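Reminder, nothing fancy here: chain letters follow the sequence lines and each chain counts from 1. Since this is a predicted model, take the numbers as computed values, not measurements.
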Amino acid sequence: MKRVNAVVAGAGAAGGVVAKELSTAGLSVVLLERGKWYTAYDCRKDDLRNQAVSVLGCAFGPEDEGHPRVWVDEHGAPHTVFPSESQYQNDAACVGGGTLSWGAQAWRFMPQDFKMRSTYGAPPGSSLEDWPLSYDDLEPFYEKAEYEIGVSGDYSDDLFHGPRRRGLPMPPLPPNHEFEILLPAAKRLGLHPLNIPMARNSVPYNGRGPCMRCRWCSGFVCETDAKNGTHNTVIPVALRTGNCELRTECTVKEVLIDDHGRARGVAYFDAKGRLQEQLCDIVVVSGGATESARLLLNSKSRLFPNGLGNRYDQVGRNLQGHHYAGATGYFDFETYDDVGPGASIAICDYNHGTPGLCGGGMLDNEFIRLPIQMVDRLPPGTPRWGLGHKQGMRDWHKRTVGIHGPVQQIPMADARVTLDPVVRDKWGMAVLRISGNVHPHTFEIGEVQARRAAAWLKEAGAICTTLLAERPTLVSANQHQAGTCRMGNDPQSSVVNRYCQLHDIDNVFVIDAGVHVTNGGFNPALTVMAVAYYASASLVRNWKGTGFRS
Amino acid sequence: MKSESDKRAERLTRRQFVAASALGGVAVAVGCGTSARGSWEFLTDGQARTLAAICDQIVPADRFPSASQAGVLTFIDRQLVRHFRGHQDAYRDGLEQSNAMSRKRFGRALADASQEQQFAVVGALEQEANPFFELVRTHTLEGYYGSPRHGGNRDAVSWRMLGLDEPPLRGRAQYDLTKDSHS
């Protein structure tokens with residue numbers, strides 16, 4: 001197989017951006033993706049089998065069979081779990097990764113989100129740190145992501161985000177009914193509501209039409225291709241350069257290391273199950289926080305017996321995602337208009353600045369609640385089955401509003417993935433073993449956020465509210481998984497430097513949410529993309545034409 | 001309290017309800033366990049009758065179809081040889097237990113018991129925190145409120161019941177875009 005300049009392992013939010021940036025700069029790229037390439041025709045609008053509701057499996061990968069993981073409960077007992085189960089902490093496995101089927105909230109982090117430790121100090125038991133990057137470093141790359149991926153929305157009423165040079169390329173979608181109910185209520189409370197920035201066409205953009213406002217959004221591939229991910233933006237651009245080859249259903253087994261301790265390529269199982277080697281100058285690991293850590297840990301060699309980047313036992317630590325907290329409000333009038341994507345309005349008043357709290361998070365109304373997502377969310381006192389439950393569904397499905405949001409997690413070194421000593425996947429490779437919990441202060445912040453959400457709903461006219469403020473006894477990672485390959489200046493407490501380059505191997509990069517030091521109080525995908533643009537720019541700058549030297 | 005769309009949905013569904021209940025009624029009455037595919041993939045006819053009794057307590061018929069009338073048995077049966085394979089034993093044992101409970105209390109099989117007696121048995125399963133109850137409840141609600149493509153929620157009857165358009169309307173102009181609603 002012909003040697004190439006770069007192999008990118010994983011065609012998700014980050015890998016797609018990296019492949020595009022390297023191939024347009026003239027590098028030859030092989031983009032390997034373990035999943036398939038789905039298109040708008042694969043939207044089956046299946047309420048029971050998508051990425052948000054997976055009771056009949058994950059529509060966009062991985063399939064349950066052959067892809068187990070091990071989850072260690074709070075008593076230390078291991079359980080084998082599968083992608084359709086919540087303990088698995090699945091994202092997706094397909095071209096576009098999570099950005100194929102996401103809700104598409106495309107937020108920037110705030111300047112403080114990159115300086116959590118210096119802003120608040122590290123709570124006891126946490127591994128809270130500052131990023132080695134600042135918001136200002138990333139600002140031009142946020143803008144690039146917003147324009148190349150395509151984001152609609154309007155930040156002009158937002159008081160809290162950092163400065164920006166340009167507005168968003170598309171206006172927000174017209175408001176839905178929930179927006180019209182929640183907007184005046186937020187203003188009466190002195191809050192600063194804004195349209196959620198969404199990677200979704202509100203007007204024709206990038207050669208594709210606008211959103212048709214259907215019910216099947218978060219968890220589904222968009223039927224009209226109006227939702228933007230790397231699969232329908234940067235990856236097609238990469239392929240059009242002629243410099244990038246996408247190989248789907250190819251699972252990378254390990255990064256191959258030469259006698260001098262540098263990467264010489266990757267070994268992978270192709271679509272027919274054959275073991276292949278692809279030699280290259282640079283390896284970019286972009287498998288998502290959990291699978292990237294697994295690939296590094298599975299890449300054992302004489303010089304790196306504990307895996308790549310793992311000299312100080314840092315790979316896999318600080319696993320985080322988002323703890324979701326909020327409230328559900330029940331109204332005596334119809335609030336639901338069946339107009340997608342549903343989520344429309346947010347407040348960022350509570351992300352930072354509450355005395356006694358180490359951060360906070362954005363609060364927004366939820367994506368459309370499918371009927372099956374309503375069956376366990378009826379008001380307290382409603383029977384769980386029988387005629388009363390059925391009547392409850394009729395009474396409340398269209399008179400319920402949910403407000404919730406991602407609470408910025410306080411990272412912990414013990415929330416982590418390692419390799420399981422026993423369980424193997426269908427290729428015979430060690431699978432991930434997930435252990436640890438969420439820092440208790442994160443839950444405390446969540447409880448405050450839940451009461452704030454309830455107050456907003458009451459102001460909007462809710463006759464009754466319930467709080468979503470649980471304290472689950474497992475890590476939170478899932479679609480927002482981050483933190484396993486921490487970015488930092490100190491090689492002993494981090495895995496990659498600020499350019500996403502392994503501290504001890506100059507031609508191996510980890511570019512995905514794994515490098516996030518903290519994960520913001522926002523859906524993180526736009527930041528994943530911005531970091532990918534930033535790291536790619538540095539990589540291209542240092543590319544010498546025939547070989548890579550940092 | 002009832003909105004115009006609720007009323008419309010009820011008118012729409014009444015006809016389907018009559019049709020569905022006629023079909024479902026025949027299947028249960030003659031005990032042939034006929035699904036659209038001709039026979040059950042996992043359940044025996046006896047198990048199907050017991051399961052129908054439980055499912056129809058979880059989602060009973062009112063002016064809209066019950067669980068079994070909406071195809072929930074077909075949904076569960078199909079999945080018991082697919083994604084719910086791991087629950088086969090739980091169903092076998094749970095249905096047996098439910099029947100045994102009915103026989104002990106009321107002297108007859110669950111499927112032959114009265115509505116009140118069936119309600120009492122399902123309530124007792126919930127009271128004793130029987131995991132089979134939670135399993136059947138979850139699967140019944142998934143079948144009834146989930147996607148019709150899996151055999152339950154026949155003709156999207158539960159979605160119509162909730163007042164949702166089915167098929168969904170495309171390209172709706174719901175808003176007056178000439179008004180500035182952001183101010």
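Interface residue B:Gln79: only side-chain heavy atoms are found under 4.5 Å from chain A. Interface remark: A:Ser84 contributes side-chain atoms only to the contact with chain B (heavy atom separation under 4.5 Å). Residue contact with chain A, scored on non-hydrogen atoms closer than 4.5 Å, involves the side chain of B:Tyr144 exclusively.
Classification of the A:His161-A:Tyr155 ring pair by plane angle, with boundaries at 30° and 60°, yields perpendicular.
With respect to A:Lys390 and A:Asp395, no salt bridge is recorded, no charged nitrogen being found less than 4.0 Å from a carboxylate O. Between A:Arg377 and A:Glu366 there is a salt bridge, with a side-chain nitrogen of the basic residue lying less than 4.0 Å from a carboxylate oxygen of the acidic one. A salt bridge does not link B:Glu166 with B:Arg160: every distance from a Lys NZ or Arg NE/NH1/NH2 to an Asp or Glu carboxylate oxygen is 4.0 Å or more.
When all heavy atoms are compared, the tightest approach of A:Phe367 to A:Met198 is CE2-CE, 4.2 Å. When every heavy atom of B:Trp40 is checked against every heavy atom of B:Thr74, the shortest pair comes out as CZ3-N, 3.9 Å. Smallest separation of non-hydrogen atoms from A:Pro193 and A:Leu183: CG-CD1, 3.6 Å.
Counting only N and O atoms by type, the side chains of B:Glu126 and A:Trp385 include a donor and acceptor under 3.5 Å apart.
At a heavy-atom cut-off of under 4.5 Å, chain B is reached by A:Asp64, A:Glu65 from residues 61-70 of chain A, listed in order of number. Residues from residues 128-140 of chain B that place a non-hydrogen atom less than 4.5 Å from a non-hydrogen atom of chain A comprise B:Phe133, B:Glu134, B:Arg137, given in numerical order.
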